[in-house]
Amino acid sequence: TLWYKKISALTTLGFDRYSSIMGRSFDLVNKSQKAREKDYLSYNYRAILSLLSCEPIVHLDIGAGDGADPIVKKYDEHFEKIYVEPRTSELGSLGATGGKVIGKAISNKPGVHKLNRTNADELSSFLEPSGEFAWLYASTQLKSFEVVDIAEVETTTVEQVLSELSITNLDYLKVDTQGTEVDVLR
């Protein structure tokens with residue numbers, strides 16, 4: 001235990017010392033991501049999509065949030081959209097996108113799980129926020145990771161969702177579940 005405490009202390013010291021550098025790095029990553037998004041949205045794939053797909057592209061968005069995938073928005077007519085989101089605050093806006101909305105969470109087994117609701121609701125997770133991880137993610141926004149409520153949410157599996165919707169082929173999968181992506185894919 002003494003060894004563990006020393007490592008924890010050194011880790012904390014390192015976080016404190018480099019927080020301003022890592023915060024700037026995080027900002028640069030976000031700016032770079034926005035630049036890439038703008039770049040790939042500048043191309044017109046509509047003709048290619050029309051030639052490649054006579055049926056809609058089946059898009060399953062797990063942890064959909066507001067359903068803001070830029071490619072799906074831009075080429076909406078080519079996609080059959082399925083949004084899975086346990087946070088009820090997002091369900092109305094997802095419904096307005098014209099996709100199917102499932103107000104549950106995806107896990108490796110159906111049931112009920114505890115969702116740690118955070119100040120920044122989009123950061124809510126089945127996992128309890130870790131101070132070290134939260135700090136790495138956004139050192140300037142630690143309050144965003146504070147748990148404000150624990151809600152019980154119904155879970156289902158990818159297989160169940162596809163079966164209930166009679167979908168045999170999935171073309172495009174997005175998973176954003178704040179650390180439980182591996183469980184979703186099991």
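What you see is a predicted model, and the numbers here were worked out from it, not measured in a lab. Residues: numbered from 1 along the sequence shown. Just the heavy atoms: all of them, side chains too, but no hydrogens, waters or symmetry mates, feed the values below.
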> Heavy atoms, side chains only, cut-off 4.5 Å: are R46 and H78 in contact?
yes
> State whether the side chain of S107 and the backbone N or O of H113 hold a donor-acceptor pair below 3.5 Å, judged by distance alone.
no
> Is there any salt bridge (charged side-chain N to carboxylate O under 4.0 Å, His left out) pair reaching into residues 92-105, and which pairs are they, with sequence neighbours excluded?
E80-K100, K104-E154
> Can you tell me how far the CD1 atom of I57 sits from the CD1 atom of I71, to the nearest 0.5 Å?
10.0 Å
> Ignoring hydrogens, what is the shortest heavy-atom contact between A151 and R117? Give both atom names and the distance.
CB-CG, 4.3 Å
> Could you work out the complete set of other residues in the hydrophobic cluster of I150, with links drawn between I, L, V, M, F, W and Y side chains under 4.5 Å apart?
V147
> Which residues pass the side chain to side chain contact (heavy atoms under 4.5 Å, CB included) test with N169, not counting sequence neighbours?
none
> Rest of the hydrophobic cluster containing L173 (Ile/Leu/Val/Met/Phe/Trp/Tyr, side-chain heavy atoms under 4.5 Å)?
V58, L60, I62, I82, V84, I102, I106, V158, V161, L162, L165, I167, L170, V175, V184, L185
> Just grab all the ring-ring contact (aromatic ring centres under 6.0 Å, His included) pairs involving residues 88-111, residues at least two apart or on different chains.
none
> Please give me the minimum heavy-atom distance between S124 and L115, naming the atom from each residue.
C-CD1, 4.1 Å
> Yes or no on side-chain contact (heavy atoms from CB on, under 4.5 Å) for D69 and Y172, after CA distance, side-chain angles and deciding distance?
CA-CA 11 Å; D69 184 291; Y172 181 30; 2.6 Å; yes
> Taking side chain to side chain donor-acceptor pair (under 3.5 Å) as the test, write out the residues that go with T118, two or more places apart.
none
> Please enumerate all residues that pass side chain to side chain donor-acceptor pair (under 3.5 Å) together with D76, with sequence neighbours excluded.
K81
> Taking only residues two or more places apart in sequence or in another chain, which ones pass salt bridge (charged side-chain N to carboxylate O under 4.0 Å, His left out) with R87?
E85, E90, D121
> Going by the rule side chain to side chain contact (heavy atoms under 4.5 Å, CB included), which residues pair with E164 if we only count those two or more places apart in sequence or in a different chain?
Q160
> What pairs with E128 under side chain to side chain contact (heavy atoms under 4.5 Å, CB included), at least two apart in sequence or on another chain?
N116
> So, do F79 and D171 sit near enough that their side-chain heavy atoms are less than 4.5 Å apart?
no
> Applying side chain to side chain donor-acceptor pair (under 3.5 Å), name anything that partners K174, two or more places apart in sequence or on another chain.
D61
> Could you give the distance from NZ (K74) to OH (Y45), rounded to the nearest 0.5 Å?
8.0 Å
> Can you sort out the partners of L127 under side chain to side chain contact (heavy atoms under 4.5 Å, CB included), two or more places apart, ordered by chain and number?
S125, T180
> Return the minimal non-hydrogen interatomic distance between E122 and Q178, and the atom names on each side.
O-NE2, 3.0 Å
